[in-house]
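Atoms considered below: every heavy atom in the structure, side chains included; atoms not considered: hydrogens, waters and symmetry mates.
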Amino acid sequence: MTVHAFSSYSPEAGSTRVRLYDWFRHLGLTAERHTFIGQRDARGSTLVRNLPNVFSAEVRLRRADVRGSTVIMSREASPLSSGRVERRLLRDAGHSVYDFDDALFHDLSAVRRYLGQHGKCQSLVSAADVVIAGNDYLAEWASAFSSNVTMVPSCVEPDDYLQKSSWETAERPVIVWLGSPSTEQFVADIAGPLRTVHEMTGARLRLVSGASDNPALGSINHMIDRIPWSPTSFAPALASSDIAIGPLTDTPFARGKCAYKLLQYAAAALPMVAAPVGANALALQRFDGLSASTPSDWTEALTELLSEPSSGRKRRGDAARDAVERYYAFSAWSREWASALGLRL
C-alpha cells in the first residue's frame, strides 16, 4: 500500500513530526513525503525567501497523482490554498485521512481571511474518508461535518525522554518551559508571578525555545536561561529541571490545543503547574499537576511545588510518568491510528 503524507511543514516542525512522522517511525511505515517547500514554518517571510520553491510546490501539488493510494494530510498541504487543492487530493485518494491538532476553524487571522481560508478546515474535514482529531474538543466540532471521526491525542515515545533521578531542588531552583518563540507570549502573560517567585526563592526560568531574547519577556530576562531547542538538547534540559510550567490563555483557539507540552514534561517525570485550558485540564488531573489561572494562582502553585518535600515532587513525577505511558504513549493508541489509515496491526 502506498501512503502519501501531505503537510505544509517539514518533519522538523513539532506538529508535523508528532502527528505524522513519529507515527511512521513507531509503526515502521514508509510514506511518500509532500512537505510543500520543506521548511519548519510557512510564515510569510519564509515563503518570500523561497519564492521559486513556493511556485514549484504549488505546481507539484496540482500534478500529484494519488489515485488508488492512501493519503494522510496534516492540517493542510499548502498555506496558500483556499482548500481546493487539498479537497482534490483527499477525494482522489483510494482512502483519505485528514488529521488536525489545533482549532484551525477559530483562526481568524487577516492573512487567512485574505486567502479565503476561513472555511478551509471544515471543507477538508468534509472531504476526507476519515478524520483524526487531536482531542475531544476538536473531535466534537469535526463530528458536525464528518460521520467518521476518531480521536487520537498527540502522543510521545516515553523511552525517548530522560527521567528525573532526583527531586531535591537546586540552590537556585529551575523552572522549565518548553516551546517555540511564537508561543513565548504565554510565558510573558505570567511574568509577574514568575518574578515574584524568583524574588522569594531565587528560582530561575529555563526556556527551551529559540536562541534570541524576546522583548515581551524584558521584565524577567534577568532570570532567564535560554537553551535553543534541538533533538538532542530538550531531553536533558527537562530532566535536569525542578518543575515545569504550561501557561495558556483561555481562548477558543487555545481550547483546541493538545497538551503536548505537558506530555513531554510527564515523560521526563517532572512535577508541573499549568493552565487548565482545553486538553490541559484532563492531563493535569492524570499527571497530579497543579492548575493555575490567575496571577495569584500561579504564585501560590509555584511556591507550593518548590516548597513541598522532595518526596511530594517525586510522587507527582512518578504519577505523571505512569500516566503518560498509560494514556499518551504511541503504543496506547496504535490500533486506533492504524485503523484510521486502513492498516491492520
Side-chain angles (χ1 to χ4, degrees), residues 8-10 12-15 39-50 79 102-104 106-114 172-231 233-234 237-238 240-257 259-262 264-265 270 272-275 277-278 280 292-299 301-303 306:
S8 60
Y9 306 144
S10 73
E12 286 70 39
S15 177
Q39 297 293 314
R40 292 182 60 175
D41 66 75
R43 291 193 293 263
S45 57
T46 301
L47 299 180
V48 169
R49 289 196 305 270
N50 293 273
D102 264 326
L104 304 176
H106 284 317
D107 186 348
L108 303 178
S109 67
V111 171
R112 296 190 78 84
R113 289 199 304 270
Y114 176 77
R172 288 182 176 273
V174 177
I175 301 170
V176 69
W177 178 84
L178 174 68
S180 64
S182 64
T183 56
E184 287 181 12
Q185 180 57 49
F186 296 128
V187 179
D189 290 342
I190 61 166
L194 288 170
R195 186 169 57 250
T196 298
V197 173
H198 168 70
E199 293 167 354
M200 293 170 59
T201 68
R204 295 190 63 79
L205 177 62
R206 175 178 291 171
L207 291 187
V208 186
S209 181
S212 302
D213 288 345
N214 186 336
L217 298 172
S219 66
I220 56 171
N221 268 335
H222 63 285
M223 56 173 285
I224 291 177
D225 301 309
R226 282 188 174 271
I227 296 180
W229 185 96
S230 76
S233 70
F234 77 91
L238 292 179
S240 59
S241 300
D242 293 304
I243 64 174
I245 57 172
L248 192 60
T249 304
D250 189 4
T251 65
F253 186 81
R255 290 169 204 151
K257 289 192 169 294
Y260 187 67
K261 194 185 312 296
L262 306 194
Q264 294 182 282
Y265 298 157
L270 271 166
M272 66 188 77
V273 182
V277 177
N280 277 12
S293 299
T294 67
S296 61
D297 288 344
W298 276 99
T299 302
L302 290 171
T303 53
L306 290 173

**Asked** How far does CG of Leu207 sit from CD1 of Ile220, to the nearest 0.5 angstrom?
**Response** 7.0 Å
**Message:** Testing the basics here: between Ser241 and Val174, what is the closest heavy-atom pair and its distance to 0.1 Å?
**Reply:** OG-CG1, 3.7 Å
**Message:** Looking at Tyr265 and Leu178, would you say the former's side chain and the latter's main chain have a donor-acceptor pair under 3.5 Å?
**Reply:** yes
**Prompt:** Say you draw a straight line from CE of Met200 to CG of Leu306; how long is it, rounded to the nearest 0.5 Å?
**Reply:** 9.5 Å
**Fill in**
d(Leu194 CG, Trp177 CH2) to nearest 0.5 Å is 11.5 Å
**Request:** Could you tell me whether the side chain of Arg226 and the main chain of Ser209 form a donor-acceptor pair under 3.5 Å?
**Result:** no
**Message:** On a heavy-atom basis, which atom in Leu270 and which in Leu238 lie closest, and how many Å separate them?
**Reply:** CD1-O, 3.5 Å
**Asked** Quick one: which of Arg206, Arg204, Arg172 gives a side-chain hydrogen bond (donor to acceptor under 3.5 Å, both in side chains) with Asp225?
**Response** Arg204
**Request:** Of all the heavy-atom pairs spanning Asn214 and Pro181, show the shortest one and how long it is.
**Result:** ND2-O, 4.3 Å
**Item:** Heavy-atom pair with the smallest gap, counting every atom of Trp229 and Val208
**Value:** CD1-CG1, 3.9 Å
**Request:** Write down the atom of Trp298, the atom of Pro247, and the distance for their closest heavy-atom approach.
**Result:** CZ2-CA, 3.6 Å
**Request:** Would you please say whether a donor-acceptor pair under 3.5 Å links the side chains of Thr251 and Thr249?
**Result:** no
**Message:** Could you check whether any side-chain heavy atom of Ile224 comes within less than 4.5 Å of a side-chain heavy atom of Asp213, counting everything from C-beta outward?
**Reply:** no
**Message:** For Ile227, is there any backbone N or O sitting under 3.5 Å from a side-chain donor or acceptor partner on Ser233?
**Reply:** no
Side chains of residues 41-49: which donor-acceptor pairs under 3.5 Å do they make with residues two or more places apart or in other chains?
residue	atom	partner	partner atom	Å
Asp41	OD1	Arg43	N	3.0
Asp41	OD1	Thr46	OG1	2.5
Asp41	OD2	Arg43	NH2	3.4

**Message:** What I'd like to find out is whether the side chain of Val277 reaches to under 4.5 Å of the side chain of Lys257, using heavy atoms alone.
**Reply:** no
**Message:** Distance check, rounded to the nearest 0.5 Å: Lys261 atom NZ versus Thr183 atom OG1?
**Reply:** 5.0 Å
**Message:** Below 30° counts as parallel, above 60° as perpendicular, anything between as tilted: where do the rings of His198 and His222 land?
**Reply:** perpendicular
**Asked** Would a 4.5 Å heavy-atom cut-off, applied to side chains only, mark Ile175 and Val273 as touching?
**Response** no
**Request:** Return the minimal non-hydrogen interatomic distance between Met223 and Ala203, and the atom names on each side.
**Result:** CE-O, 3.8 Å
**Prompt:** Do Thr196 and Leu302 come close enough that some side-chain heavy atom pair is under 4.5 Å?
**Reply:** no
**Message:** What I'd like to find out is whether the side chain of Leu205 reaches to under 4.5 Å of the side chain of Leu217, using heavy atoms alone.
**Reply:** no
